[in-house]
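Accompanying notes for the structure given below.
Convention: sequence-line order gives letters A, B, ...; per-chain numbering from 1.
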Amino acid sequence: MLKNIKNVKISAVSTCVPKRQVDIFDNKLIYGGNVKKLQRISSSTGFRKRHILEENSPLTAGDLCTRAAEELFKNGIKKDDIQAVIMVTQYPDYYSPATACVIHGKLGLSDDCIAYDINQGCCGYIFGILSASSMLSKECKKILLLVGDSATKIMGSQLDALDDIPIFGDGGSATILEYDENSDELTFDMGTRGSEYSVLMSDNGGFRNPPTKDMFDENGKFNYNNHMDGLRVFEFTMNIVPPSIKNVMKIKGWTDKDINYYILHQANKMILENIATSANIDVRKILVKTLSEYGNLSLASIPSVICDECEIFNKKTNKIIMTGFGVGLSWGSIATTLHDCLVLPIILY
Amino acid sequence: MRDTIKKIIQDNRPDIDDIENTAFIDDGMLDSFDIVTLVSEFDKAFNISIDGADITPENFNTLDNMVNLVKKNGAK
């Protein structure tokens with residue numbers, strides 16, 4: 001789906017991660033703590049440190065998003081005129097109600113402000129911006145978009161899951177989108193390939209496979225049966241993401257030279273480098289340092305890069321392309337000019 | 001070239017005994033981190049840059065396929 005949306009400004013971004021930091025070399029469960037092997041993996045993927053919730057922490061992705069939103073309010077964003085809260089997550093606080101409703105209450109938002117959730121993964125920030133932008137108008141001028149995941153919680157009993165554990169961090173972001181007739185258009189290229197939904201999924205715990213006794217390990221931890229066909233996801237990414245980036249560039253009439261930065265989902269360093277080669281874009285403009293410090297933050301990955309690079313983005317003007325890809329399988333790109341946006345540094349909870 | 005590739009696989013996965021006759025993907029022997037590491041080390045060893053479009057399960061399933069992969073990407 002290609003779409004242009006006018007009169008939308010991304011006006012503030014904040015990100016929150018748990019204060020606990022772990023290092024890939026600390027986990028003796030991964031490859032038996034084989035340092036040489038871990039060094040190779042770290043060097044080729046870029047993953048090193050991550051911020052994750054304490055085991056058995058009562059905090060959720062919703063709490064991290066709430067904290068990120070509160071930080072915006074502390075820094076001058078007014079909450080009185082927010083007319084919608086959209087929470088995008090794969091790991092809600094409850095089955096019901098939507099986590100957005102819980103946060104709406106915690107933040108003390110008005111009854112005129114609606115709240116709802118969207119279930120999306122690594123391109124959830126793009127889906128969230130599309131949803132918010134589609135709603136903004138002269139009558140609905142300000143929306144709070146929250147995106148976050150607590151991926152390490154859903155690992156449950158799979159603490160030695162080789163494909164997943166060393167890469168995911170926990171995090172939540174808050175973004176304010178406003179109606180602004182002077183803003184640059186948001187140009188979207190998005191899609192979903194549901195025929196490959198099983199390539200990346202968590203099978204257990206929903207109504208298709210409800211919890212049964214054998215889904216719990218001896219310590220009482222639930223096995224969500226997370227699995228990913230990493231190579232298939234890579235193949236999908238290489239087929240889909242470079243054309244998606246080119247599509248939004250073409251519609252905008254931009255070339256690589258016009259673009260200041262590419263803010264891509266922090267899947268891993270090698271994937272990002274391959275995307276640059278395939279899309280024929282300058283790899284130096286792809287921001288990658290966030291993944292070695294925070295890991296793959298799933299939904300919060302793109303806004304975490306913006307906040308981690310706040311010196312570049314805070315109250316500045318930059319032509320950017322943001323691209324997410326992952327579970328669904330889904331993808332989405334946005335080309336726009338980020339202008340005069342309040343960008344706060346990543347905060348710890 | 002074949003011996004270099006074999007050594008790289010062996011260094012990364014010393015637990016795989018019969019590299020010549022293993023179907024690495026079909027038998028579930030290599031995970032995605034192994035593949036990322038192998039691509040990176042093939043690139044370095046042969047001074048090439050393996051095309052992302054070539055990073056497919058099939059191209060990593062056997063030693064022969066990996067030899068063809070690095071050849072296709074310019075290794076001499």
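- Residue Leu30(B) does not touch chain A at all, counting heavy-atom pairs closer than 4.5 Å.
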Stepwise side chain to side chain contact (heavy atoms under 4.5 Å, CB included) check, Leu231(A) with Thr56(B): CA-CA 6 Å; Leu231(A) 264 184; Thr56(B) 62; over 6 Å; no

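- At most 12 heavy atoms of other shown residues, nucleotides or ligands fall within 6.0 angstrom of atom CD in Glu58(B).
- For residues 35-47 of chain B, heavy-atom neighbours of chain A at less than 4.5 Å comprise Ile35(B), Val36(B), Thr37(B), Val39(B), Ser40(B), Glu41(B), sorted by residue number.
- Residue Glu235(A) holds its CD atom at 10.0 Å from CD1 of Ile55(B), rounded to the nearest 0.5 Å.
- For Asn268(A), the part sitting under 4.5 Å from any heavy atom of chain B is the side chain, from C-beta outward, and nothing else.
- Remark: Lys250(A) NZ is loosely packed, at most 12 non-hydrogen atoms of other residues, nucleotides or ligands lying under 6.0 Å away.
- In the displayed structure, Lys289(A) atom NZ is contacted under 6.0 Å by more than 12 heavy atoms of other residues, nucleotides or ligands.
- By the neighbour-count criterion of 12 heavy atoms within 6.0 Å, atom CG of Asn209(A) is densely surrounded, having more than that number from other residues, nucleotides or ligands.
- Here the closest heavy-atom approach between residue Asp51(B) and residue Asn274(A) is recorded as C-OD1, 4.2 Å.
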